[in-house]
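Protein chains get the first letters and strands the later ones, always in sequence-line order, with residue 1 at the start of each.
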Protein chains: 2
Amino acid sequence: MNSVKIKPDRQQAAKSVRKTYHHGDLRRQLIAAAEQVIVERGVDGFTLREAARRVGVSPAAPSHHFKDAKGLLTEVALLGFRDFGAALAAADKRGGQDPMRRLYEQGIAYVQFALRFPARFQLMFRVDKHDHTNAEFVRVSQEAYCILENAIRAATGTPSDRPLGPDGQGLLVAVWSMVHGYCHLAFGGELNNPARGGGNTDVILESLLPLTLKYLPLPIKK
Amino acid sequence: MNSVKIKPDRQQAAKSVRKTYHHGDLRRQLIAAAEQVIVERGVDGFTLREAARRVGVSPAAPSHHFKDAKGLLTEVALLGFRDFGAALAAADKRGGQDPMRRLYEQGIAYVQFALRFPARFQLMFRVDKHDHTNAEFVRVSQEAYCILENAIRAATGTPSDRPLGPDGQGLLVAVWSMVHGYCHLAFGGELNNPARGGGNTDVILESLLPLTLKYLPLPIKK
DNA sequence: ACATGATTTGAACAGTGTCAAGATCAAGCC
DNA sequence: GGCTTGATCTTGACACTGTTCAAATCATGT
């Protein structure tokens, strides 16, 4: 887990009153506080001042470590994407050799991550809330994408030196859309109705998700 | 189209200076202005004061017609959902008797609406930005849902007096997830890469969408 | 003609992000 | 060692935001 840990070195506990004028570990703790805020209040409930308040620092202090609020959230999204990619990679490995099993495992992992860390996940895909042109962000998200693409390559028999054909592209987007949409429907409360096979997060993950992923697209056989 | 029209009766053009103390058509024009704002600035760029400004009224005026900002946006979302339901119904009809064709046409219409009116669509599904417990809203969104459900019933041979079985529930959520996710991927710019078969909105709608919906789930045959 | 109630305004309050100046300090250089 | 430089943080300010309250205005029914 890439949650930000404080090293018991020189910094203060968030609440404890700081003796020194300089904070010493502000950048790191701001990221941790920001994540905490979006977990509690949602991505839109985030406030730069609140994050500053939690680490006991003035509202203007963050500006020396991040360009602006978006800059801070970009770092949070970055950490999220690292974990996300790791979760997908682990799932892919669990899938073994069978391409369809790899895709299925990735799908499960995708949704599990999103529903276990909804704040992170929603931030990661909220283009307006972070700088999606950030070089490192592009790299990490690209990396996660490749995990999916590679499974699609295996499923369609496309070697890595050839571009994906139209069928492969369609399959990739279809699979991605399905799991991604499932997450958003869950966030919107659209899967909470027991009469529709839904319920709380447990039901959505344990019962409805397998029911849904039975319909995960298969590659078109030639 | 349920866009709000001004009746050339007693109200003012948004910009023109109003002579009378009372506005006369404030509620309607506020809704229209609000929609305009989210079209230009996105859902998160919406501001109650800006909407009031555009119809030439004080920041406190809207409170007499809507409980708060959320209340105004609820009305906008409501109009959106009416059009959305109408678009889905029309598509369903276009599908004729074949259940799979009905689902496919609905899918196309779903995504087309979302990408043609992204502001509306995103607002409609942003639970935090409007009052999703509003009775009329529940009614209208339920109505749209039923259009999908009925096609699923036809596809699975489930009469309307019986609840959908697990397979039907899974199929419904799978189809919904795929089209819904496709829209969100598009919003996030994930489908803009030509190397991945994407591009601008035209490409996404005309080229990539059919490629993707070729993988729209089929009902499981017993 | 008048009173009642619905609209609208103006001013205020508590929040927000961000900027410019100044205060404080760590660390390198003489 | 002492000094300077640059990084870090605070203070105070500005322009915004949503919402509330009392007062102003007016349409309408009596």
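Among the protein residues, A/Ser63 comes within range of no part of the nucleic acid, since none of its heavy atoms lies under 4.0 Å from any strand. Nucleic acid contact class of B/Ala69 (heavy atoms, under 4.0 Å, all strands): sugar-phosphate only.
Atom-to-atom, CG of A/Leu73 to C1' of C/dG17 comes out at 12 Å; the value is rounded to the nearest Å. When the C1' atom of D/dG18 is taken as reference, atom CZ of B/Phe46 falls 10 Å away, rounded to whole Å. The interatomic distance linking A/Lys129 (NZ) with C/dT16 (C1') rounds to 12 Å, in whole Å. We find that CZ of B/Arg41 is positioned 11 Å from C1' of D/dC16, with the value rounded to whole Å. Taking atom CG of A/Leu72 as the reference point, atom C1' of C/dT18 lies 14 Å away to the nearest angstrom. To the nearest angstrom, P of D/dA7 lies 12 Å from NE2 of A/His65. Across the protein-nucleic acid pair, A/Asp25 atom CG and D/dA7 atom P stand 19 Å apart, rounded to whole Å.
In this structure, A/Glu75 and A/Phe66 have side chains that are in contact, with non-hydrogen atoms separated by less than 4.5 Å.
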Audit row: B/Tyr110, B/His180, side chain to side chain donor-acceptor pair (under 3.5 Å) steps and yes/no: CA-CA 8 Å; B/Tyr110 194 105; B/His180 195 68; 2.8 Å; yes
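A cation-pi contact, defined as under 6.0 Å to the ring centre and within 45° of the axis, is absent between B/Arg116 and B/Phe113.
Listed candidates were D/dT19, D/dC9, D/dT11. Nearest to the side chain of A/Val57 is D/dC9. You'll find that the side chain of B/Thr47 is closest to D/dT17, out of D/dT17, C/dT9, D/dT10. Here D/dT17 is the nucleotide among D/dT10, D/dT19, D/dT17 with the atom lying nearest to any side-chain atom of B/Arg53. For B/Ala60, counting side-chain heavy atoms from C-beta on, the closest listed nucleotide (C/dT7, D/dT10, D/dC21) is D/dC21.
Taking only side-chain nitrogens and oxygens, A/His64 never comes nearer than 4.0 Å to OP1 or OP2 of D/dG6.
Within 3.5 Å, a donor on the side chain of A/Arg49 pairs with an acceptor on the base of C/dG17, or the reverse.
For A/Trp176 and A/Tyr145, the side-chain atoms include no donor-acceptor pair closer than 3.5 Å.
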